[in-house]
Peer 1: 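Following this message is one structure expressed as structure tokens.
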Amino acid sequence: VNLPEARDAIKGKTTKGWAVIDVWWTPGKGGECVYEEKNYKDPEMLVPLLTKRTSNFGLNTAYIRASRDTQYFYISRLVKAVAEAGVPNVTFATAKADEPGARQ
């Protein structure tokens, strides 16, 4: 799945209504989610965190920025985790490896 580049994408931490989740894929090692400046190997680990934010702060959109080479099955797991947390909207974009804040 080819996603659009988000040149003016949301950067930084989660805001009240948005959860910003960066996803990095390393060939041979798999994926990793970065949420609230912490790394999570398994997307399912985000369910309780997002559920709490949804309940307490009205989180309504997950903004997923993934590296271009992220495998679809990993994004699918993340989208399922976001849905389980009760977040009704998901926005996608890709991130270049050379963007500020991107993993080297």
Peer 1: Tell me the closest heavy-atom pair linking Y35 and Y40, and the distance in Å.
Peer 2: O-CE1, 3.7 Å
Peer 1: Locate the shortest heavy-atom distance separating A62 from I21; write the atom from each residue and the value.
Peer 2: CB-CD1, 4.5 Å
Peer 1: Could you pull out the closest heavy-atom pair between C33 and V23, with the gap in Å?
Peer 2: SG-CG2, 4.4 Å
Peer 1: Has the side chain of S76 got a donor or acceptor atom that lies under 3.5 Å from a matching backbone atom of Y72?
Peer 2: no
Peer 1: Compare every heavy atom of T51 with every heavy atom of E84, then report the nearest pair and how far apart it is.
Peer 2: O-OG1, 4.3 Å
Peer 1: Under 3.5 Å, side chain of T54 to main-chain N/O of V87, donor-acceptor pair present?
Peer 2: no
Peer 1: So which atom in A85 and which in L50 form the shortest heavy-atom distance, rounded to 0.1 Å?
Peer 2: CB-CB, 3.4 Å
Peer 1: Keeping the roles fixed (side chain from T70, backbone from S67), state whether a donor-acceptor pair exists under 3.5 Å.
Peer 2: yes
Peer 1: Give, for atom CZ of R53 and atom CG of N60, the distance between the pair rounded to the nearest 0.5 Å.
Peer 2: 12.0 Å
Peer 1: Please report the interatomic distance OH(Y74) to CG(D42), rounded to the nearest 0.5 Å.
Peer 2: 6.5 Å
Peer 1: Side-chain contact test, heavy atoms from C-beta onward, threshold under 4.5 Å: evaluate it for N39 versus W24 and give yes or no.
Peer 2: no
Peer 1: Can you give me the closest heavy-atom contact between P43 and A81, atom names plus distance?
Peer 2: O-CB, 3.6 Å
Peer 1: Group every Ile, Leu, Val, Met, Phe, Trp and Tyr by side-chain heavy-atom contacts under 4.5 Å, then state whether V47 and V82 land in the same group.
Peer 2: no
Peer 1: To the nearest 0.5 angstrom, please state how far the CZ atom of R77 sits from the CD atom of Q71.
Peer 2: 12.5 Å
Peer 1: Could you grab the distance from atom CD1 of I64 to atom CD1 of I75, nearest 0.5 Å is fine?
Peer 2: 6.0 Å
Peer 1: If I take atom CG from residue L46 and atom CD from residue E36, how far apart are they, to the nearest 0.5 angstrom?
Peer 2: 10.5 Å
